[in-house]
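Heads up, the thing below is written out as structure tokens.
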Amino acid sequence: MKTNVRAAILSVVAVGCLTNICQGQRQVANPRVQMQEALPEKGAMLIGVDYYPEHWPRDRWETDARLMKEAGFNVVRLAEFSWINMEPEEGRFEFGWLDEAVTLLGRHGIRVILGTPTAVMPAWVARKYPETLRQQPDATRIVWGGRKHNCFTSGAYRLLSERITRAMAEHFASSPHVIGWQTDNEFGGGECHCDTCLAEFQDWLRRKYGTLDGLNRAWGNHFWGLTFTTWGEITFPDNRTGEMWAMGNPSACLDFKRFTSWLRVRFQADQVRILRAICPDDFVTHNFMGLFSDLDYYDLAEDLDFVTWDNYPIWFDEPDIPYSASLAADVMRGLKSKNFMIMEQTAGPCGWGSFGRNPWPGEIRKIAYQQLAHGSDGQIWFRWRTCTVGREQYWHGLLGHDGRPLRRYDEAAQTAREFRKLEDRLRGTTVVSDVAILYDYDNLWSLGFQPGYEGNSLQAAILRYYNALSRVGVNADLVNRQADLAKYKLVLAPDLNVMPDETARKLVSYVEKGGVLLADCRTGIKDCNNLCHERTLPGLLSPALGIRIEEYSALGSNVRYAVKGEAGLDGSYNAIRYTDWVVPEGAETLARYSEQWHMKPFAAVTRNRLGKGQGWYVGTVIEQESFYDALIAQLLKGADIRPVVDPPNGVETSIRQGQGKKLLFVMNHTDQPATVNVPEGKVELLSGGRTDRTLRLDRFGVAVIALEQ
Ligand code: GAL
Ligand code: ZN
């Protein structure tokens, strides 16, 4: 039976390379596999491109497949926007063209990930079922003609989505070349304001709260007399005017976000159920968007075998140090606590109207290594060839409009060759970190509605610490508040504005047992309903932090308060944007306000001891990066974490380990050569040579050093 063949293919293609991802559930060995000369070698890592055969004449496909094979690619993602080509009219399916493409690619040893095509509805769907189109706040329906148009509660859309998913799954269940599925494309996007969405929102709230009293209490509806007296009175907590004051009640906003997130998770679950039933041996994933925060990615990831994500890190005219792409990778790895894969990776200049910088020689490769170093187990570039038609004519692929394999193609091919060479070393390795940073969507959303002080966001707060960790070469896991913290020596909880009591208690007990905890301004303000706690801040965290926050203040954009650090934080710094008026109650003061008379009684940074651990608090935002470097150095010291190398500015390091192996990745993000001090006498895997005490990296250069074999 075909499933046996498919299972065997998976065992070689997916399980081998994606050990962490697929967790070895497909170990079937099947001799028929050996007969398929085109198959990638055992354990081959998935490397390839997003390919749109439907955009090109049939007689070009062979050339494309050959060039892909010559580049060392073994996978493509296909069809995620091709609903109209697969179901040109309702209920009539045409898979001939796709069969042909899949078979042709298969002959060249290229496996296929198929996308369910529901991110773009065919015109006939909009015509026959206008209620499938999202309704805008002004009660008009969105006009068909782009993508991501659909309402997620429309019964018609859900049925049509299930039908095309089932038809695809049934059709390709027998294909030995299809190995996995991507649901939809980059879930997210606009909210729908139609009557079914409203009715579902009301039902969702009824299920959550049981009684209207419960809901009114949870949302604090006695404010402004907004108490509901029937479920039908509940409306969307909108921000129609764009004014903050006119935005709905923050508690209602938070539930509405949770609801819209849940709708997408449910929509995906309908597809996943079908795919698993019909193609039980295929993997199912989705292409996430890193730091995108419109929906709860932990929930979206739950039904999937592993996470993949779309990485476009070139935003500036000059090469920068894209730690945020590493942060995004760590967030992606944290969603399921396992390695992920890149489904779309920058291949050229990007843009819809105007486009940005072309990756300079070496950058395409370096971008791929950065993700590999943070736990990527597969690499797919977006896109194969730059399209000559449509809205993405300027979103460049590895090949240009002319279809010639030039520099960018060569660089991807070189990367593929090198990744192939590293495959055995990488198998079974992932990032293992002593540091956890708390990251969750309640906080991203809540701070989105009410940042508190100007410019505040969870990601901005995390980056202050994350960048400092990166500068010193220490990996971090990004985890949600349900995570087991016991395995971490250091936990950073900056800006954790929504903090239910159980989280606060967990953090206190973490410190008591010997952990080092850092909290900072706006941590622990609210409960799960987005209501402010009634306690004096930092509330239940007080025993861990040993402080009392009397009052607080936002600072205007030109205001700077002088801060003097001591005990390892020595130096003069500026407090900007915000200050907590912190009174130590057992904690020592490590930085204080030195000039503004009204701030002199208060601490800027404190350290407390509780049980065997430490609780640090930073009650402001400091302008200078050097402050965060000093702080992270002290925190690492307190937690007994020793960086392996001390990378110079612009050079990033990351370690993957497991199964007795330990690989140090060293990546030069600059276009100047760099010299790094590294452990001596180790094998550098790309060159095969042994390391000296110093390692020289070319511009955008990369090294992979086996610290343990
Ligand atoms: C991604 C999307 C792709 C393509 C790409 C470039 O976000 O998944 O389909 O649109 O951006 O625009
Ligand atoms: Zn709707």
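Values reported hereafter were calculated over all heavy atoms of this structure, with side chains retained and with hydrogens, waters and symmetry mates removed. Residue numbers start at 1 and run along the sequence shown. Note that ligands are numbered from 1 as they come in the structure, with each ligand's atoms numbered from 1 the same way.
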Pair [X] + [Y], salt bridge at N-O below 4.0 Å:
X      : Y      : value
Glu186 : Lys148 : no
Asp330 : Arg333 : yes
Glu162 : Arg158 : no
Glu70  : Arg66  : yes
Arg385 : Asp64  : no

> Under 2.8 Å from the Zn ion (ligand 2), is there an N/O/S atom belonging to Cys192?
Replying inline: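 It does; at least one qualifying atom falls short of 2.8 Å.
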>> Go through it in stages, so that I can follow the logic: the residues are Arg77 and Asp50, the test is salt bridge (charged side-chain N to carboxylate O under 4.0 Å, His left out), and I'd like the CA-CA distance, side-chain angles, deciding distance and then a yes or no.
In response: CA-CA 5 Å; Arg77 180 195 60 184; Asp50 299 301; 2.9 Å; yes
> Centres of the Tyr466 and Tyr323 rings: under 6.0 Å?
Replying inline: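 Aromatic pair excluded; centres sit 6.0 Å or further apart.
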>> Show me, by chain and number, every protein residue that has a heavy-atom distance under 4.0 Å to ligand 1.
In response: Phe81, Arg147, Asn185, Glu186, Asn287, Asp310, Tyr312, Glu344, Trp352, Phe382, Glu392, Trp395
> To the nearest 10°, what's the angle at the Zn ion (ligand 2) between atoms SG (Cys151) and SG (Cys194)?
Replying inline: 110°
